[in-house]
2 protein chains.
Amino acid sequence: MKTLLQNIRPEIQEGIFLKNPESSALGKSIVKEGVLLIDEIGFESFTFKKLGERIQTNESSVYRYFENKHKFLLYISSWYWSWMECRLVFETANLVDANDQLMKAVLLVTEDTADDISSDYIDESVLKRIIISDFTKTFLTKEVDDENREGFFKIYKRVIYRIAAIIKEVNPAYAYPESLASNIVEGSMHQHFLKQHLKTITNCNESVSPADFYLNMVNSIVIKSS
Amino acid sequence: MKTLLQNIRPEIQEGIFLKNPESSALGKSIVKEGVLLIDEIGFESFTFKKLGERIQTNESSVYRYFENKHKFLLYISSWYWSWMECRLVFETANLVDANDQLMKAVLLVTEDTADDISSDYIDESVLKRIIISDFTKTFLTKEVDDENREGFFKIYKRVIYRIAAIIKEVNPAYAYPESLASNIVEGSMHQHFLKQHLKTITNCNESVSPADFYLNMVNSIVIKSS
DNA sequence: TTTAAAATGATAGTATTACTATTATGTTTG
DNA sequence: CAAACATAATAGTAATACTATCATTTTAAA
């Protein structure tokens, strides 16, 4: 499993990058160190100038790979969701029971960290922190409709469709499979954030994880009523 | 009801503004037109310079009321949640049954728009659109812990506590009242956004509202199992 | 009604951001 | 070995995100 996923290269939508960062050492360094820098200083303070200084290259070289930092965030987000989609496929493939598939899928998208699998150059646990804090910023913009049309959220949406499909299989009568799927994915990121920063408005803590909360939710809504 | 809420002035946490915008005509104009401008051009493109031009005042005058646009967003967010808290209190006060209180509370925080009540100078339906697109940006920053310590999210958290309290009353055995409350509030904003912009990953549309989805959720999770 | 205080307006200035353009230098590959 | 390509270095622009200063207008207190 480890080696299998290690060699998977995500297909990132045309238009997110100017030049494929996978195609060169500099490109990989931009992505790897960019992720670390965003984690350290936050997306708002992150600039290509600072990244250039960090990896001892020129600002203009970074601009040859990505138009701007928003596109960079889209790139690493697509990377993350592509990796998540892979894991969803692999880890539910061998499960015959739809209920088991649903439990596994919900666990995967809501669980704390997944350091069991790691790519050669991107630190997934750091990436996950960035996704929790910054992923919503990729679509909470005035350009969301244009960018959606260009397919920039395709992989993310595919993850939602996949979970919704399992929900439908478990309970075909349930009226809101897509909403529930998007609520679980987006909501679990929110609960992770609250657990770290606004602890009083969540029940998640060291002993209770967002996965517990959402597994319970899915059980009550989809499974028990079926 | 209308007149009652019209006269309510929200208490905004010390430190969010430099000078109370409620204290002058210019201050009110900054808030009123600032809300409209953010709605028109988006929070990312919004600047105090543009706002100054719009209301024919100087950029520096705007800076006398708010340190920066992040604080401005915090201000209008506090305003919104303060108004929501008021409505929660008023509209559940006369309900004796906890179940009814919960349904009403969930309806209030998740429903489409609430143009039944309007303040003298802030357009609530426009404000709600901004909250849906931009509220999460108030806390998805590196400064969230400092700002939380300063009480900048106090009113928002109070809204969550209130809903969580009703959940507990309806079903004291339920293990995740705060998480469910924060999931409903945050999640409904997300569903509203999806309904507008990423329609394929939600079941909400012209005929199905986020309120339907969350009322169903609450019914399955809290009420039926109690 | 005067006068002092407070609020606003106008102008200027700085550092940083978010880029684009140009040219030089190094590095592959056919 | 040369052409093509990638990167480095430098410079430059417009906009952003402010701060400071000082003049003018408004308001409120004596």
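Note that this is a predicted model, so its numbers are computed, not measured.
Note on K19(B): only backbone sugar-phosphate atoms sit closer than 4.0 angstrom, heavy atoms only; bases stay farther off. Counting non-hydrogen atoms under 4.0 angstrom, Y65(A) reaches the backbone sugars and phosphates but no base.
Distance CG (L26(A)) to P (dT27(C)): 13 Å, rounded to an integer number of Å. One interatomic measurement links the two molecules: CD1 of I30(B) to C1' of dG9(C), which rounds to 13 Å at whole-angstrom precision. With rounding to whole Å, F66(A) atom CZ is found 19 Å from dT17(C) atom C1'. Atoms CG (L18(A)) and P (dA18(C)) sit 16 Å apart, rounded to a whole Å. Taking atom CD1 of residue I41(A) and atom P of nucleotide dT16(C), one finds them 14 Å apart after rounding to whole Å. Counting to the nearest Å, the P atom of dA10(C) and the CD1 atom of I55(B) are 12 Å from each other. For the pair N20(B) CG and dA7(C) P, the computed distance is 12 Å after rounding to whole Å. K49(B) has its NZ atom 13 Å from the P atom of dA12(C), to the nearest Å.
In this structure, K49(B) places its NZ atom where only 12 or fewer heavy-atom neighbours from other residues, nucleotides or ligands lie under 6.0 Å away.
A 4.5 Å side-chain heavy-atom check between Y63(B) and N58(B) finds every atom pair outside the cut-off. Contact annotation: the side chain of E11(B) approaches that of I155(B) to within less than 4.5 Å [non-hydrogen atoms, C-beta and beyond].
Using a 4.0 Å cut-off, no side-chain N or O of T57(B) falls inside it from OP1 or OP2 of dT8(C).
Taking the six-membered ring where the residue is Trp, F48(A) and F72(A) present perpendicular rings, their angle passing 60° and hence far from 30°. Relative orientation of the F139(A) and F193(B) rings is tilted, given thresholds of 30° and 60° on the angle between their planes.
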Please list, for nucleotides 19-26 of chain C, all pairs of protein and nucleotide N/O atoms separated by less than 3.5 Å.
from	atom 1	to	atom 2	distance (Å)
dC19(C)	O5'	Y63(A)	OH	3.4
dC19(C)	N4	E59(A)	OE1	3.2

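A donor and an acceptor atom, one from each side chain of Q191(B) and T202(B), are located under 3.5 Å apart. Looking only at atom types and distance, the side chain of T136(A) has no donor-acceptor partner in the side chain of D134(A) under 3.5 Å away. A donor-acceptor contact closer than 3.5 angstrom links the side chains of N148(A) and K157(A).
Of the two residues near DNA chain C, S61(B) and S45(A), the one whose nearest nucleotide lies more 5' is S61(B).
At least one donor-acceptor pair closer than 3.5 Å links the side chain of K142(B) to the backbone N or O of D39(A).
Chain B approaches DNA chain D over the interval dT16(D) to dA20(D), counting the first and last nucleotide 5' to 3' with an atom under 4.0 Å from its heavy atoms.
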